[in-house]
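For reference, the structure discussed in these notes is given below.
Quantities reported herein were computed from a predicted structural model and do not represent experimental measurements. Residue numbering restarts at 1 for every chain, and letters A, B, ... go by the order of the sequence lines.
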Amino acid sequence: MSAIRTLSDEQKQALAVVGAILVVALIVATVPTLAVLVAIATVLFVAVFAFRIWIFMSALRKPSMVHVPDEVARAIPEAELPVYTVLVPAYHEPQVIGRLIGSLSKLDYPAVKLDIKLLLEDDDEETIAAAEAASPGAHIEIVRVPYSEPRTKPKACNFGLLQARGSLVTIYDAEDRPEPLQLRRAVAAFRDLDPRIACLQAKLSYHNANQNMLTRWFTAEYGMWFMQFLPGLVAHNAPIPLGGTSNHFRRDILQDIGAWDPYNVTEDADLGLRLHRAGYRTGVLDSTTYEEANSDPVNWIKQRSRWYKGYLQTWLIHMRDPVRIVRELGVRGVIAFTLFVLGTPLLAMLSPIFWGLTAVWILGRPDFAAALFPAWVYYLSLFALVVGNFSFLYLTMVGSYRLRDPRIVLAALLTPAYWVLMSIAAIKAFVQLVHAPSFWEKTVHGLDQATGHEPATPGA
Amino acid sequence: MTVRQAFGRPLAYVPTLRVPRFSDGGWLALAAFVVYLLTGAWLALVARDIEPDSWSRTANAYYVLFSRDPHLGAIGFVWAPLHSMVILPLLVFSPVWPELATHAFAAIIVSAAFMAGCVYLLWRIASDLRVHRIAALAIPLLFAVNPEIIFHGANGLSEGLFLFLLLGATWALMRWLDGREVLHLTVLGSALGLAYLTRYEAVAAGAAALGIVGLVSLVRARGRIPDRLLVASADALIVAVPFVVAVAVFAIASWVAVGHPFATFDSAYGNTAQVDAGREALLERTGLGTPAAVPFVRNQVLGLMPAVPLLLIVAGIAAARRRDPRILAPLAVLGGVLLFAIVAFLTERTVGILRFYISVIPLAAVLASFVLAETAHLLDHHSLRARWRTGTAFFQRPGRPRRLPSSAPQDGRGAGIAGGGGAMPRGLLLLLSAVALGSLLVGAPSTLATRLDPRLGDGRTEFGQRHLLRAEISEEAAGWLDRQQLPAGSVLLDAATSFRVVMRSENPRQFVITPDRDFAQVLANPVLYGVRYMLVTSPVFEQPGGDALAAAYPSIYEDGAGLGRLAYEASRPDEVLTYRIYEVVSD
């Protein structure tokens, strides 16, 4: 199961058959076919909304996060701490190396038990030079990843994993600021939890939340994602798509299931799925890693379109053998997986179509619009429009409330403008999935300090 | 110490909403539901005494499903739509059980269920306040047996739904004041928004609750004033957004369906029109617009709950002693609605019907809970038994040490007096309990007396007389039309005044009714659109200017306005409502 090919042969055949039927139907009976498509989209829309509200509410009622109190984390004697491998892939990011070393040194973990691997591409001279100039301690090793295709973050991680010494492994991005006790908390959690828990996902948030409106929206969304949706999915024993960093693994299990798929552009989400299908479980660790929120709309759209593309990829790959996935995840699990992993980009993609139809309807009330909406679809879409959009806005506000920063809650009120960006990214993702499935849209980091795209000086 | 774990099991650090199935309150509410439903069944099916308003709300939902032009807009959106929307799903079964629609029994099921829900919520509130188990049952029980509550549980009006949402908002606000959990702000905002979609008086509760949340949040937040303002506005927004959305959605729907964003106030079917129509009779009965209106409304409110001023004082003192801010919740939500109803009457916007002040009854029940929270341990079995054993005199200070309020500033629960009310003599505690329960108890006979007073209440001593004649002539008119075996769209009528005929008919599709999207066109040219009969009501009935047909053809009731000849008349000597059916003559 790899994203080296987006579609299997069977999927291609199925797609061709469905496509052919659709084309014929559109020619023979244009309006009824469109009405059926609208009906399907509406039902899907309502299902995705309803599922999210349900997941959100259950997380609000019974937060299923793994909470390790400070004193428990600190109480583990040094001798009992395992060697912990920290993988830090970076590519053309000389400007963040200095800060990275700074935040890694803040980790409350004995240096002798740390196995930090800076994974740098062999030809990335500037970053290598910056890393060497910063002369990190012996526990930080600079690993040169030899050139090979595909040049992706998961490929680098796989390479790093081969040399890992720790029994536990985690990944941080170069610009991350993990909470200092995070590794100790993970050790305590892995020690005390069910051994089937192979992975702990720490919460992600942003240190530059209040840089501008976009970063506030992004932070509100992340708050909802990591503090409500993921714990909600855990509570319902559904597979969770991992976030890009700060996921902690038991190394033996990670290697058993084949680590990361280097061709998938959201290898993390895919890995979460594969862990679940192999019978392992993921918990959400109540410890926060602060990342840098994308503060530039263009850069944000690139990053988001990569995520959406990866979600689409992941869904297609895992649905190659529908019978097997139903056997492994159960019907409920597959529905949850579909509504969440396929639903997220699909919702963003379909929203502008529905907003457009609504606008057309309000402005002109043309007959063709009426023909597309038979009565029950009309009421269902009316419901989706009013209740769906309202509740999603409201969930974002309530979710960001937990971040204890009222400015984020106020920004969340304007979140519909953020949805427009999401839709653009989703459409871009879909187009790219067709013509460049494994192309990795690199996210520029360091925009929180530098004013433009120019890289700052190493160690800034 | 081990790690608290996830995996489908709830973690302990946030209070959960889960309640044990069929708790004390659940059984009590179930019993109340059965009583209300049986009373309602007797009223509607045996005595055939159906409230016009519950019938017309049922009719609005009925048009959505069964009219010639079924569409959601048919619900009307003049009056708040939630009540009809809740009734609507039950009407799906009306083809197999016609009484759901023809006797408005669907509305009765709804009012009984939600009034029973009120009983349950009062039990939850009392339990939250750590009222003794027996007292926590006594409070909702005394609420449940109040005649005004029984009647509105059984009559299919929207009071049950409205009070349920108000009590839900009260409970959520109390929870938030206690634990500041955002979940309760969302419940508060949603309950208030839904309450607005039930009755517009919820505006007052919304404003008051919003004020409380903002102020309390401002006071409790730490840091500089601008930071505190940010926190307070975020808290207030969580409450305000669902409420504002509810107001906006109702306004837009109302504007699309009937052309007025706030039709409840403006339109020919709204409140102002009702006040204007009955102004002279109102002046005589209530002193509307004169100083006499003040004692009138006071007698109505105190008639329902004579001891409410006493409860206000005692509960206020009790909460102040415990430093319990939760008392603000019932005052803002239920008190806000009550105050709004009083002011609306005094400023000549409503017609002074007793049921408009019904929120005073749950308000008294919640206040009584605050008083009884003071005296909770009086009935405590263990302390009683211990006292007997040790031979302690009954009227003696309880032995537990008093906890100073300052030692437990944030914790309202069980702190203060209930936690060890050493300072209060036992006699006083007994007196307080008696005051609380006695106040609610006195409310029942007093309410009955007020209801029976022909000026303050409706003075009815018998059921089944009031609307029987109207039901009979409606059935007669519907039966006559049904016998004509008419195709769809043959009979033109105004559904606001003649809904009884539509509801009694076995062929609802024969009617062209006001909510139909082509009503105006058909009204302008009935012959062209194939209308065979026009059904008109007597001009004095309910609508000041007569019904919609009379508005278009002023002399239609008297002589058919040249459109047709009188084919049938359904009337009774003692009844103001008369139906005349004109057969359209095409020349």
Side-chain angles (χ1 to χ4, degrees), chain A residues 56-69 71-73 75 185 188-194 196-197 200 231 234-237 281-286 362 375 378-379 382-383 386-387 389-391 393-395 397-402 404-413, chain B residues 1-18 64-65 69-73 85 88 180-187 189-190 193 217-218 221-223 226-246 248-250 252-253 256:
Chain A
F56 188 97
M57 291 314 286
S58 53
L60 213 53
R61 278 201 290 252
K62 44 170 193 180
S64 299
M65 258 188 227
V66 180
H67 179 77
V68 182
E71 58 274 18
V72 176
R185 287 192 215 275
F190 278 125
R191 180 194 65 195
D192 294 347
L193 294 182
D194 189 318
R196 285 180 310 149
I197 296 196
L200 289 166
V234 169
H236 290 289
N237 196 20
R281 291 294 175 267
T282 301
V284 179
L285 184 65
D286 192 3
I362 288 170
Y378 173 74
Y379 289 118
L382 198 68
F383 176 81
V386 177
V387 179
N389 283 297
F390 157 70
S391 51
L393 169 73
Y394 195 50
L395 294 190
M397 290 179 62
V398 176
S400 54
Y401 187 94
R402 287 263 161 102
R404 306 254 170 255
D405 184 347
R407 283 169 298 185
I408 309 290
V409 180
L410 299 182
L413 191 61
Chain B
M1 204 175 339
T2 56
V3 173
R4 281 182 278 166
Q5 206 255 113
F7 253 39
R9 266 180 281 148
L11 295 174
Y13 64 88
V14 168
T16 64
L17 277 179
R18 197 83 57 81
V64 173
L65 296 174
D69 176 22
H71 67 293
L72 188 65
M85 284 187 177
L88 199 146
R180 279 205 279 173
E181 188 54 45
V182 63
L183 174 63
H184 300 123
L185 286 183
T186 66
V187 176
S190 311
S217 177
L218 193 66
R222 297 195 195 109
D227 291 340
R228 291 164 155 219
L229 276 172
L230 271 174
V231 173
S233 49
D235 283 339
L237 259 184
I238 298 279
V239 181
V241 164
F243 189 74
V244 171
V245 167
V249 166
F250 182 18
I252 292 169
V256 170

Open item on the list: Can you confirm whether A:Phe383 is buried at CZ, in the sense that more than 12 heavy atoms of other residues, nucleotides or ligands lie under 6.0 Å from that atom?
Closed with: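 Not buried by this count: 12 neighbours or fewer within 6.0 Å.
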
Open item on the list: Taking the side chain as everything from C-beta on, heavy atoms only, tell me whether A:Tyr394 gets closer than 4.5 Å to B:Val245.
Closed with: no

Task: Heavy-atom side-chain proximity of A:Met57 to B:Leu183 below 4.5 angstrom - done: yes

TODO: With rounding to the nearest 0.5 Å, note down the distance linking CE in A:Met397 to CD1 in B:Ile238.
DONE: 4.5 Å

Open item on the list: For A:Pro406 versus B:Leu230, what's the shortest heavy-atom pair and its separation?
Closed with: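 Taking every non-hydrogen atom into account, CB-O, 3.3 Å.
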
Task: Contact class of B:Val241 relative to chain A, heavy atoms under 4.5 angstrom - done: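 Both parts, backbone and side chain.
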
Task: Residue B:Val249 versus chain A: region with a heavy atom under 4.5 Å - done: side chain

- [ ] Examine whether an atom of A:Val398 lies under 4.5 Å from a heavy atom of chain B, and if so say whether it belongs to the side chain, the backbone or both; otherwise answer neither.
- [x] both

Open item on the list: If I measure from the heavy atoms of chain B, does A:Leu413 come under 4.5 Å with its side chain, its backbone, both, or neither?
Closed with: side chain

